[in-house]
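Single-structure report; data block below.
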Amino acid sequence: MKDVSARTIDGREVTLKGSELEALQESIRGRVITAESADYDDTRRIWNSMIDRCPALIIRPTGAADILAAVRFARPRGLLTSIRGGGHNIAGNAVCDGGLMVDLSGMRSVQVDPAGRRATVESGATLGDFDREAQTFGLATPVGINSTTGIAGLTLGGGFGWLSRKYGLTVDNLLSASIVTADGRLVKASPDENPDLFWAVRGGGGNFGIVSRFEFQLHPVGPDVYAGLFVYPLEQGRAVLKDFREFMASAPNEL
């Protein structure tokens, strides 16, 4: 690999030697991607096509061990680092200019325990990935409304969806998270282990670490549900909203 010029957190430029990158590639099961890679542009592209940023380096992990290797590579060099889950965030936080992007899109496994009504979901999975597996068993949890949204960004931001009136926010159904911390450790965050970190990731946003997988509570839903769209003329807006508020005050939580 060729040498790559990269940016640090404090704005300095450093050179990542080709030999360093080759050693990094040999140490992980995933991929190290640079601007000379054929799929570089496709990998840095996200849902919001107005975001056009160019990381110096992209690491695409296949598991927690690769995430650990990425953090341990970035930390001593002070590299500016961004994390791509589903790549759906409109602001484009997944992609940094000149730094390291850790692309989790290769980690999309969803494992469902139908008897225990639990799902273990890797952090690159989308809501579509999650729902497809859970609905095989007639189960679901509140995870947004758009199937292309990433489970990680949604959960770390709090998360709500079609089922939230009945079952709460996404984080209300989060049982635990496996997190690679900035000092290069893999820890579990739950009500019983690292509870402060668990509190932080339940809607606190980013910069607490890189989640490798989530564990969610599931609920019996479907497989058939009723849904529909009601559209009213704008001039009826005030009356419709007033009636809607009054109606929903006594409506069942399933609605």
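As the structure is a prediction and not an experimental result, all values here were calculated from the model. Heavy atoms only: backbone and side chains are in, while hydrogens, waters and symmetry mates are out.
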Q: Mind running side chain to side chain contact (heavy atoms under 4.5 Å, CB included) on Ser105 and Arg84 for me, showing each step along the way?
A: CA-CA 7 Å; Ser105 62; Arg84 183 194 192 279; 3.5 Å; yes

Same cluster for [X] and [Y] if Ile/Leu/Val/Met/Phe/Trp/Tyr side chains link at under 4.5 Å?
X      : Y      : value
Leu100 : Leu68  : yes
Val201 : Leu186 : no
Val112 : Phe130 : yes
Leu169 : Trp162 : no
Leu16  : Val102 : yes

(Q) What verdict does the side chain to side chain contact (heavy atoms under 4.5 Å, CB included) test give for Asp129 and Leu127, after you've listed the backbone C-alpha separation in whole Å, the side-chain angles of each residue and the deciding distance to 0.1 Å? (A) CA-CA 5 Å; Asp129 296 327; Leu127 309 192; over 6 Å; no

So does [Y] get a backbone contact from the side chain of [X], meaning a donor-acceptor N/O pair under 3.5 Å?
X      : Y      : result
Ser5   : Thr15  : no
Glu20  : Lys17  : yes
Arg202 : Val171 : yes
Asn194 : Leu197 : no
Ser212 : Ala64  : no
Ser190 : Glu193 : yes
Glu13  : Gly98  : no
Asp113 : Arg117 : no
Gln25  : Val32  : yes
Arg7   : Leu79  : no

If we only count heavy atoms from C-beta on, is the [X] to [Y] side-chain gap below 4.5 Å?
X      : Y      : answer
Val211 : Ser178 : no
Phe216 : Thr120 : no
Asp131 : Thr126 : no
Arg31  : Asp39  : yes
Leu174 : Phe214 : yes
Arg44  : Cys54  : yes
Ile46  : Val95  : yes
Phe73  : Leu57  : yes

Q. Is any side-chain N of the basic residue among Arg118 and Glu215 closer than 4.0 Å to the acidic one's carboxylate O?
A. yes

Q: Give me the one residue out of Leu24, Leu104, Leu21 that meets side chain to side chain contact (heavy atoms under 4.5 Å, CB included) with Ile59.
A: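 Passing option: Leu24.
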
Q.
Checking side chain to side chain contact (heavy atoms under 4.5 Å, CB included) between Pro61 and each of Val180, Ile210, Asp66, which is the one that passes?
A. Asp66

Give a yes or no on whether [X] atom [atom1] has more than 12 heavy-atom contacts from other residues, nucleotides or ligands under 6.0 Å away.
X      : atom1 : value
Phe160 : CZ    : no
Gln135 : CD    : yes
Arg77  : CZ    : yes

Any chance you could measure [X], atom [atom1], to [Y], atom [atom2], to the nearest 0.5 Å?
X      : Y      : atom1 : atom2 : result
Arg60  : Ile28  : CZ    : CD1   : 11.0 Å
Leu163 : His219 : CG    : NE2   : 8.5 Å
Met101 : Leu80  : CE    : CG    : 12.0 Å
Thr81  : Ile83  : OG1   : CD1   : 6.5 Å
Ile33  : Asp103 : CD1   : CG    : 6.5 Å
Ile51  : Arg45  : CD1   : CZ    : 13.5 Å

Q. What is the minimum heavy-atom distance between Val221 and Tyr167, and which atoms define it?
A.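 Heavy atoms of Val221 and Tyr167 come nearest at CG2-CE1, 4.0 Å.
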
Q: Can you see which heavy atom on Phe208 is nearest to which on Ile179, and at what distance?
A: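 Scanning both residues, the minimum pair turns out to be O-CG2, 4.1 Å.
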
Q: Could you walk me through whether Phe230 and Val240 pass side chain to side chain contact (heavy atoms under 4.5 Å, CB included), step by step?
A: CA-CA 11 Å; Phe230 295 91; Val240 168; over 6 Å; no

Using atom types as modelled, flag every donor-acceptor pair under 3.5 Å from a side chain in residues 244-255 to any protein atom, sequence neighbours excluded.
from   : atom 1 : to     : atom 2 : distance (Å)
Glu246 : OE2    : Lys242 : NZ     : 2.9
Glu254 : OE2    : Lys166 : NZ     : 2.9

List, one per line, each side-chain donor-acceptor pair under 3.5 Å for residues 137-156, sequence neighbours excluded.
from   : atom 1 : to     : atom 2 : distance (Å)
Thr141 : OG1    : Gln217 : O      : 2.9
Asn146 : OD1    : Thr148 : N      : 3.1
Asn146 : OD1    : Thr148 : OG1    : 2.9
Thr148 : OG1    : His88  : NE2    : 3.3
Thr149 : OG1    : Asn146 : O      : 3.3
Thr155 : OG1    : Ile151 : O      : 2.7

